[in-house]
2 protein chains.
Amino acid sequence: MTKQEKPENNLSTEEKFKAAARVVFTKKGYAATKTRDIAEEAGLNLALLNYYFRSKENLFEIVMQEKILLLFSLISPIVNDDSTSLEQKIDGISVRYIDMLLQNPDLPLFVLSEIKNNPERFGKNFQVDNIIMRSHFVKQIAERNKTINPVQLILSFIGMLVFPFIAKPVLQGSGVVTEEIFSQLMDERKQLTARWMKMMLD
Amino acid sequence: MTKQEKPENNLSTEEKFKAAARVVFTKKGYAATKTRDIAEEAGLNLALLNYYFRSKENLFEIVMQEKILLLFSLISPIVNDDSTSLEQKIDGISVRYIDMLLQNPDLPLFVLSEIKNNPERFGKNFQVDNIIMRSHFVKQIAERNKTINPVQLILSFIGMLVFPFIAKPVLQGSGVVTEEIFSQLMDERKQLTARWMKMMLD
DNA sequence: GTCTATAGAGGGATAGAC
DNA sequence: GTCTATCCCTCTATAGAC
C-alpha cells in the first residue's frame with residue numbers, strides 16, 4: 001500500500017475523508033495525526049477537509065462515535081437479552097466479540113488510549129454502567145455465584161477477550177506471532193474463553 | 001493540585017525534569033505533550049530541558065526505557081526461576097504484579113499505546129519472546145497441559161491481571177468504580193486470578 | 001547552569017479565485 | 001465544490017547574555 005493511486009471507489013468526498021480519518025487516527029492517535037495526513041490518505045485537497053468538517057477535532061469526534069458504537073452495539077443486545085441462559089450469553093459473546101475484533105483489531109487500544117489521554121472529551125459518553133453492569137447478564141452471574149463480585153468476573157471475561165488485541169502490536173513486534181498465527185489463535189480462543197468463563201462461575 | 005508551588009524537593013534539576021516528564025508523558029502521551037508542559041510541571045525553565053536532554057524525543061526515550069523495565073523487571077526473575085513450582089509462580093506473579101500495577105496504574109496503557117502509535121521507535125526493544133515465551137514458567141505450563149497452546153493461557157493470565165488497569169479510565173469515567181473501590185477490587189483480585197489461572201490449567 | 005529572546009519549522013484553518 | 005496561496009499561532013530548539 002503505497003501513497004499514490006488509491007483505488008478510485010465510488011464514495012462521496014465526505015465518506016472518503018471519514019474513511020481516511022479512520023485509518024490515520026487509528027494508526028497514529030489524535031495528537032500525532034496531521035490534517036495533511038488525512039487529506040493525503042484520502043487523495044483529496046486539504047482545504048476540503050475544513051469545508052466538510054470545519055475542524056480536525058470535529059472529524060475526530062465523528063470517527064470516535066462510530067468506534068464506540070462498534071464496541072457496544074454488538075455486546076449490548078446480547079447481555080440484555082432476558083430469554084437466553086447464562087451459558088448461551090457466554091458462548092455468543094465469545095464468538096461474536098472475537099469475530100468483531102478480528103475485523104477491527106486496533107479498536108480497543110485506540111478507544112481506551114484516546115479516552116485516557118483526553119478524558120474531558122468523553123463526559124459520560126460511556127454507558128458502561130448502564131449497558132453492562134446493570135445488564136441481565138450481570139444479574140445472571142450474580143445469581144449463579146453469590147460470593148464473587150460480578151465485576152471481577154466481567155473484568156476477567158472482557159480481559160481475556162480483548163487483551164490479546166491490545167497486546168497485538170507488541171506480540172507481533174517481538175516476533176511471538178505472525179498475522180496469520182494470531183488469527184488462528186483468536187479463532188480457537190473463542191471456545192477457550194467461553195469454557196474458562198463457565199469454569200470461573202463455580 | 002494547582003500549577004503553582006510544587007513542593008520543593010531535593011532532586012537535582014535533571015531528576016526534576018525526569019519526574020515531570022514521567023507525569024506528563026504518561027498522562028497525555030508523547031504527541032500531545034509539549035515541552036512547555038514538562039518545564040512547567042517541573043517548575044523549571046524551558047531552555048534547561050534542551051540543555052540537559054537535547055530534545056523532547058531523547059527525554060521520552062529515557063522515560064520509556066524506565067517504564068518498560070518496570071513492566072518486565074518484576075516478572076522476569078519469577079518466570080525464569082527453576083526452583084519454584086508452577087503454582088508458586090502463579091501466586092507470586094498475581095500478588096506482585098497487581099501490587100506493582102497499583103503503584104503504576106497507567107503503565108500498561110501508556111506503554112502499549114505508545115508502541116502502537118509509533119512501532120518504529122521500538123525495534124526489537126521487546127524481549128517478550130525471550131523473557132516470557134521461552135521461560136521456565138511456560139515450559140511448566142506446557143508440561144502440565146499438553147492440549148492447550150501455552151500462549152492462550154499466558155494471554156489469559158496477563159489479560160486478567162492487566163486489563164482492569166487498562167480499562168480503569170473508562171471504569172472511573174462511567175462511574176462503575178471509585179478510586180478506593182478499585183483498589184479494594186484489585187487487592188482481592190490477587191487471589192482470584194491465581195485461583196482461576198490454576199483452574200484453567202486442567 | 002540558568003535565564004530571555006527568538007529563530008525556524010510545522011500545522012490548523014481560511015480567503016478568494018475558479 | 002474544489003483548488004492555491006497564505007495567514008498565524010504554536011511548539012521545539014538554540015543563541016547568547018549573565
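Note on naming: letters A, B, ... go to the chains in the order of the sequence lines (proteins, then strands), and numbering restarts at 1 for each one. Keep in mind that this is a model prediction, so the values were computed, not measured.
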Please report, rounded to the nearest Å, how far the [atom2] atom of [N] is from the [atom1] atom of [X].
{"X": "A/L44", "N": "C/dA13", "atom1": "CG", "atom2": "P", "value": "17 Å"}
{"X": "B/R54", "N": "D/dT14", "atom1": "CZ", "atom2": "P", "value": "7 Å"}
{"X": "B/I38", "N": "D/dA13", "atom1": "CD1", "atom2": "C1'", "value": "14 Å"}
{"X": "B/F17", "N": "C/dT2", "atom1": "CZ", "atom2": "C1'", "value": "10 Å"}
{"X": "A/L48", "N": "C/dG12", "atom1": "CG", "atom2": "P", "value": "16 Å"}
{"X": "B/F53", "N": "C/dG1", "atom1": "CZ", "atom2": "P", "value": "11 Å"}
{"X": "B/Y52", "N": "D/dA13", "atom1": "OH", "atom2": "C1'", "value": "17 Å"}
{"X": "B/L46", "N": "D/dC11", "atom1": "CG", "atom2": "P", "value": "11 Å"}

N/O (side chain, [X]) to phosphate O (OP1/OP2, [N]) under 4.0 Å:
{"X": "B/T35", "N": "D/dT12", "value": "yes"}
{"X": "A/N50", "N": "C/dG12", "value": "no"}
{"X": "B/T13", "N": "C/dT2", "value": "yes"}
{"X": "B/Y51", "N": "D/dA13", "value": "no"}

**Salt bridge A/R22-A/E66, side-chain N to carboxylate O under 4.0 Å** = yes
**Message:** I'd like to know if A/K27 and A/D106 make a salt bridge, using a cut-off of under 4.0 Å between side-chain N and carboxylate O.
**Reply:** no
**Test item: side-chain donor near acceptor, B/S94 and B/R195, under 3.5 Å** = no
Side chain of [X] only, heavy atoms from C-beta on: which candidate in [options] is closest?
{"X": "B/N45", "options": "C/dC3, D/dT4, C/dA13", "answer": "C/dC3"}
{"X": "A/S55", "options": "C/dA13, D/dC3, C/dG1", "answer": "C/dA13"}
{"X": "B/K34", "options": "C/dA13, D/dT12, C/dT4", "answer": "D/dT12"}
{"X": "B/A47", "options": "C/dT4, C/dA13, D/dG1", "answer": "C/dT4"}

**Asked** Any donor-acceptor pair under 3.5 Å between the side chain of A/R36 and the base of C/dG10?
**Response** no
**Asked** Would B/F165 and B/F182 satisfy ring pair (Phe, Tyr, Trp, His ring centres under 6.0 Å), going step by step from the backbone distance to the final call?
**Response** CA-CA 9 Å; B/F165 293 88; B/F182 183 80; 5.3 Å; yes
**Asked** Does B/K56 make a cation-pi contact with B/Y30 (under 6.0 Å, within 45 degrees of the axis)?
**Response** yes
**Message:** Need one value for B/S12: base, sugar-phosphate or nothing, where a base atom within 4.0 Å counts as base even if backbone is also close, heavy atoms only.
**Reply:** nothing
